[in-house]
Trainee: 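Please see the structure below; I have some questions.
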Amino acid sequence: MIVATYNVNGVNGRLPVLLKWLAEAKPDIVCLQELKSPDERFPVDAIRGGGYRAIWRGQKSWNGVAILSKSGSIVETRRQLPGDPEDGQSRYLEAEIGGVIVGCLYLPNGNPWPGPKFDYKLQWFNRLGAHAKQLLGTGKDVVLAGDYNVMPTDLDVYKPERWANDALFRVEVREAYAKLLAQGWTDALRKLHPKERIYTFWDYFRNAYTRNAGLRIDHLLLSPSLAPRLEAAGVDRHARGWDKSSDHAPTWIILDDAKPPTKAVKKRAAKKIATPARKKKTKRGAV
DNA sequence: ATGCCTATTATTAATAGA
């Protein structure tokens, strides 16, 4: 099963690029961010035509998130992050698809630092942390995928010193991300590629893409129950080079398909005998 | 420190993004 996240930077303006990528990559589940469209202008017909069901929460001009599914039905579980009823920004959407809870998020950019936008970012991060903890407590399979607007380490930035005081790289924000991971989440791309330079975003300015002046800010976090199923992870960076592309590239993981426990497994569990370790699979992913 | 580019919204300029 392929789960992907893609900040499309305008779902209507980028619709041909999105449909092209869906047809090529054939992801099972997709989290979209930055729809930049009110609900009534979400291109649901075109997306259905591409073979996907969808739920979305749009907003005029900015923000907006959607979850797409190729086969499994989508049962919406949340349309906003708990913790602030006054927050009207469309940045979180959550659904259950095939037994997996999928949280699609668009964390605030937070620039400029310091200032109210940065404060809002940290508050939003705190609310995400509280909700993430609650999700872990359920013991369910959960993936939190989206544009986190944070480069977790120096390895995730083409020029760390230039970004030191940017809201995407300020120490408070990196600490918030690390604190979230410490709850027990697995950063899927980093897990499989611990030392590789991986970017998911390249600025439109100064030919950033051709110079590979990028940032890794789009992340897929896996609950402990889901992490053992992680098989591959990567970025479809070639899509960033397409005409009229978003400034982000689609970022994806492959999860082993969940299999119901066999009779032998159930028998061992009943007798409290350890299940033999899973056979290690060859990694198929490329970045 | 700022512009570089690209989108949306509203009228050719402002705002936001990262």
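First the proteins, then the strands, lettered A, B, ... as listed; each starts at 1.
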Trainee: What does the list of N/O pairs under 3.5 Å between the protein and nucleotides 10-12 of chain B look like, with a distance for each?
Mentor:
unit_1, atom_1, unit_2, atom_2, d
B:dA10, OP1, A:K60, NZ, 3.2

Trainee: Under a plain distance cut-off of 3.5 Å, with no hydrogens placed, do A:N212 and A:W202 share a side-chain donor-acceptor pair?
Mentor: yes
Trainee: Would you tell me if any nitrogen or oxygen in the side chain of A:N9 comes within less than 4.0 Å of OP1 or OP2 on B:dA7?
Mentor: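 False: A:N9 side-chain N/O out of range (4.0 Å or more) of B:dA7 OP1/OP2.
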Trainee: Checking A:R91 against A:V65 for the side-chain contact (heavy atoms from CB on, under 4.5 Å) test, could you report, in this order, the C-alpha distance in whole Å, the side-chain angles of both residues, the deciding distance, and whether it holds?
Mentor: CA-CA 6 Å; A:R91 296 184 175 276; A:V65 281; 5.6 Å; no
Trainee: Tell me yes or no: between the side chains of A:D187 and A:Y177, is some donor less than 3.5 Å from an acceptor?
Mentor: yes
Trainee: Starting from P on B:dC5, measure out to CZ on A:R211 and report it in whole angstrom.
Mentor: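 In whole Å, B:dC5 P lies 13 Å from A:R211 CZ.
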Trainee: What is the separation between atom CH2 on A:W113 and atom P on B:dG17, rounded to the nearest whole Å?
Mentor: 18 Å
Trainee: Is there a side chain to side chain donor-acceptor pair (under 3.5 Å) between A:D218 and A:Y6 once you walk through the steps?
Mentor: CA-CA 8 Å; A:D218 300 275; A:Y6 190 12; over 6 Å; no
Trainee: Take atom P in B:dA13 and the same atom in B:dA18, then report the distance between them in whole Å.
Mentor: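 Pairwise P distance, B:dA13 against B:dA18, rounds to 26 Å.
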Trainee: Check the distance between B:dC4's C1' and A:R162's CZ and give it to me in whole angstrom.
Mentor: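 The distance from CZ of A:R162 to C1' of B:dC4 comes to 11 Å, rounded to the nearest Å.
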Trainee: Over how many whole Å does the gap from A:R206 atom CZ to B:dT2 atom C1' extend?
Mentor: 10 Å
Trainee: Taking 4.0 angstrom as the limit, do A:R229 and A:D141 come out as a salt bridge?
Mentor: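 Here A:R229 pairs with A:D141 in a salt bridge, since their nearest N and O are under 4.0 Å apart.
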Trainee: Whole Å only: how far is the CG atom of A:N207 from the P atom of B:dC5?
Mentor: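 To the nearest whole Å, that distance equals 9 Å.
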Trainee: So does A:N109 reach the base of B:dA18 with its side chain, donor to acceptor, closer than 3.5 Å?
Mentor: yes
Trainee: Verify whether one side chain among A:N109 and A:K117 offers a donor that lies under 3.5 Å from an acceptor in the other.
Mentor: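 Not at all, the side chains of A:N109 and A:K117 share no donor-acceptor pair under 3.5 Å.
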Trainee: Counting only Watson-Crick pairs (N1-N3 plus N6-O4 or O6-N4) and G-U wobbles (N1-O2, O6-N3), all under 3.5 Å, who is the partner of B:dA10?
Mentor: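 Checking every strand shown, B:dA10 finds no partner, since no pair has both distances under 3.5 Å.
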Trainee: Side-chain N or O of A:K36 versus OP1/OP2 of B:dG17: is the shortest distance under 4.0 Å?
Mentor: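 So the side chain of A:K36 is outside the cut-off, no N or O lying under 4.0 Å from OP1 or OP2 of B:dG17.
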Trainee: Tell me the interatomic distance from A:D243, atom CG, to B:dC5, atom P, rounded to whole angstroms.
Mentor: 16 Å
Trainee: Could you check whether A:N63 gets within reach of a base, just the sugar-phosphate, or nothing at all, counting any heavy atom under 4.0 Å?
Mentor: nothing
Trainee: So if I take every side-chain heavy atom of A:W62 and compare against B:dA16, B:dC5, B:dT9, which nucleotide ends up nearest?
Mentor: B:dA16
Trainee: Using the P atom on both, measure B:dA1 against B:dA14 and round to a whole Å.
Mentor: 23 Å
Trainee: Between A:Y106 and B:dA18, does any side-chain N or O lie under 4.0 Å from OP1 or OP2?
Mentor: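 Answer is yes, contact under 4.0 Å.
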Trainee: Is the distance from OP1 or OP2 of B:dG17 to the nearest side-chain N or O of A:K117 less than 4.0 Å?
Mentor: yes
Trainee: Can you tell me, in whole Å, how much space there is between the C1' of B:dA16 and that of B:dA10?
Mentor: 15 Å
Trainee: Measuring to OP1 and OP2 of B:dG17, would you say a side-chain N or O of A:H248 lies under 4.0 angstrom away?
Mentor: no
Trainee: Looking only at side-chain N and O atoms, does A:H248 offer a donor or acceptor that is under 3.5 Å from a partner on A:Q33?
Mentor: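 No - no donor-acceptor pair under 3.5 Å links their side chains.
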Trainee: Distance between the P atoms of B:dG17 and B:dT12, in whole angstroms?
Mentor: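 Taking atom P in both B:dG17 and B:dT12, they lie 25 Å apart.
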Trainee: Between C1' on B:dG17 and CZ on A:R14, what's the gap in Å once rounded to a whole number?
Mentor: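 One finds 11 Å between C1' of B:dG17 and CZ of A:R14, rounded.
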Trainee: Between A:G13 and A:F205, which is nearer to the 5' end of DNA chain B once each is assigned its nearest nucleotide?
Mentor: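 The residue whose closest nucleotide sits nearer the 5' end is A:F205.
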Trainee: Test ring pair (Phe, Tyr, Trp, His ring centres under 6.0 Å) on A:W163 and A:F169; report intermediate values, then the result.
Mentor: CA-CA 6 Å; A:W163 290 84; A:F169 202 51; 8.0 Å; no
Trainee: Output the rounded distance in Å from CG (A:N12) to P (B:dT6).
Mentor: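 Result: 19 Å.
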